[in-house]
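Every chain is numbered from 1, with letters handed out A, B, ... down the list of sequences.
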Protein chains: 2
Amino acid sequence: METSKKRSDCPLSGSLDVFGDKWSLLIVRDLMFGNKCTYNDFLKSDEGIATNILASRLKGLEENGIVEKSAHPDSKAKFLYRLTPKGIDLLPVIMEIYIWSDKHYEMPPDLKATIREAKKDKEKFTKQVTKELKMRMVDK
Amino acid sequence: METSKKRSDCPLSGSLDVFGDKWSLLIVRDLMFGNKCTYNDFLKSDEGIATNILASRLKGLEENGIVEKSAHPDSKAKFLYRLTPKGIDLLPVIMEIYIWSDKHYEMPPDLKATIREAKKDKEKFTKQVTKELKMRMVDK
DNA sequence: TATATTTGCTTGCATTTTGCAAGTGCAAAT
DNA sequence: ATTTGCACTTGCAAAATGCAAGCAAATATA
């Protein structure tokens, strides 16, 4: 197996090797908040990811233990993509990006409200969402 | 002026348009923790950024109000790059990436100790580092 | 049962971005 | 006066991206 070499010992650079691109965290977002879990779900997201890029990102996320692919309960033609615990642990990272964004850019009002609410008690929000996501893991 | 179009209304995708690549946050890291502030400083970082990429990333970060370029007090041949308040506000994002990394990967022991300490009281750590960074802003 | 459609991709190809090496112009040190 | 340092720019090959089309298996429809 070909292990891609690290650029340095810095954990930040190592993390960016995993999700430092324009698409990976959007897939994680869709899994966390978008109620999306299939290839076509991700394809339909507003940003319009190209199908080959989606395939390569899903592969990368899977190889890095962020998402996990399994059989879909409804159909053999579908697959179910889910966040692993490691993927769920990206919630605080994504939250802080939203909070940063809220501070420096405009955004849809409903989302803004949610973020401000979450910001009030980050730990509570994180724990609650994490719990929900872990529950989703064992479903089916 | 050519404004690059947003991929969607999602603040996460907008943020990734700003710093969603393998290099931008490493430059921010160098400015935050590495005591680096010149072009050559960034070039010398362990990851070995290519000089043309560094130039383009610094330009992007500047255009997006994350860093600011000014005259260097020591020499007319040098320039000083500094984080803006908006750039300093990325501290919590970077912190959470470090914390995620600490949970899921190995890392240098001294850095690990710092991260664990910061994690104990994130708000205290954030406030203190932010204060130091803002002080650095007004120096010179 | 035959046909059409859905699903999750892969392939080909043009365009863009990256990475590497070399070069440039100005400032400063020797 | 010449060399060195600094902050880039340029050229070019290689890799990644984006777009459209194709494809096999599974499912839905006629």
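Remark: A/Ser24 pairs with A/Phe19, A/Asp21, A/Arg57, A/Leu61 by the side-chain contact (heavy atoms from CB on, under 4.5 Å) rule, at least two apart or across chains. Every residue meeting the side-chain contact (heavy atoms from CB on, under 4.5 Å) condition with B/Thr126, not counting sequence neighbours, appears here in chain and number order: B/Leu91, B/Pro92, B/Met95, B/Thr130. Applying the salt bridge (Lys or Arg N to Asp or Glu O under 4.0 Å) test to B/Lys76 and every residue at least two apart in sequence or in another chain returns nothing. With sequence neighbours left out, A/Lys131 forms a side-chain contact (heavy atoms from CB on, under 4.5 Å) with no residue at all. With sequence neighbours excluded, no residue forms a side-chain hydrogen bond (donor to acceptor under 3.5 Å, both in side chains) with B/Lys78. Taking the salt bridge (Lys or Arg N to Asp or Glu O under 4.0 Å) definition, one finds that B/Glu117 meets it with B/Lys120, sequence neighbours left out. Not a single salt bridge (Lys or Arg N to Asp or Glu O under 4.0 Å) links A/Asp30 to another residue, sequence neighbours left out. Under the rule for a side-chain contact (heavy atoms from CB on, under 4.5 Å), the partners of B/Glu63 that lie at least two apart in sequence or sit in another chain are B/Lys59.
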Where do N or O atoms of nucleotides 26-30 of chain C meet protein N or O atoms at under 3.5 Å, pair by pair?
| from | atom 1 | to | atom 2 | distance (Å) |
| --- | --- | --- | --- | --- |
| C/dA28 | OP1 | B/Lys76 | N | 2.8 |

Measure all distances between protein nitrogen or oxygen atoms and nitrogen or oxygen atoms of nucleotides 28-30 of chain D, and list the pairs falling under 3.5 Å.
none

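Remark: B/Glu62 CD is packed, more than 12 non-hydrogen atoms of other residues, nucleotides or ligands lying under 6.0 Å away.
Regarding contacts with the backbone of D/dT17, every side-chain N or O of A/Trp23 stays at 4.0 angstrom or more from both OP1 and OP2. Between A/Tyr81 and C/dT7, a side-chain N or O to OP1/OP2 separation shorter than 4.0 Å is absent.
Residues from residues 27-42 of chain A placing a heavy atom under 4.0 Å of any atom in DNA chain D do not occur. Of the residues in residues 44-65 of chain A, A/Thr51, A/Asn52, A/Ala55 come within less than 4.0 Å of DNA chain C through at least one heavy atom, sorted by number.
Of the charged side-chain nitrogens involved, at least one lies within less than 4.0 Å of a carboxylate oxygen, so that A/Glu123 and A/Lys127 count as a salt-bridged pair. Using a cutoff of 4.0 Å between basic side-chain nitrogens and carboxylate oxygens, B/Asp17 and B/Arg7 are scored as salt-bridged.
Between the CG atom of A/Leu43 and the P atom of C/dT6 there is a distance of 14 Å, rounded to whole Å. To the nearest angstrom, P of C/dT16 lies 16 Å from NZ of A/Lys22. Between the NE2 atom of A/His72 and the P atom of D/dT27 there is a distance of 11 Å, rounded to whole Å. C/dT18 atom P lies 13 Å from atom CG of B/Leu26, rounded to whole Å.
Pairing each heavy atom of A/Arg29 with each of A/Ile94, the nearest pair is N-CD1, 4.4 Å.
Taking the ring centre of A/Phe79 as origin, the terminal cationic atom of A/Lys69 falls inside the region bounded by 6.0 Å and 45° from the ring axis.
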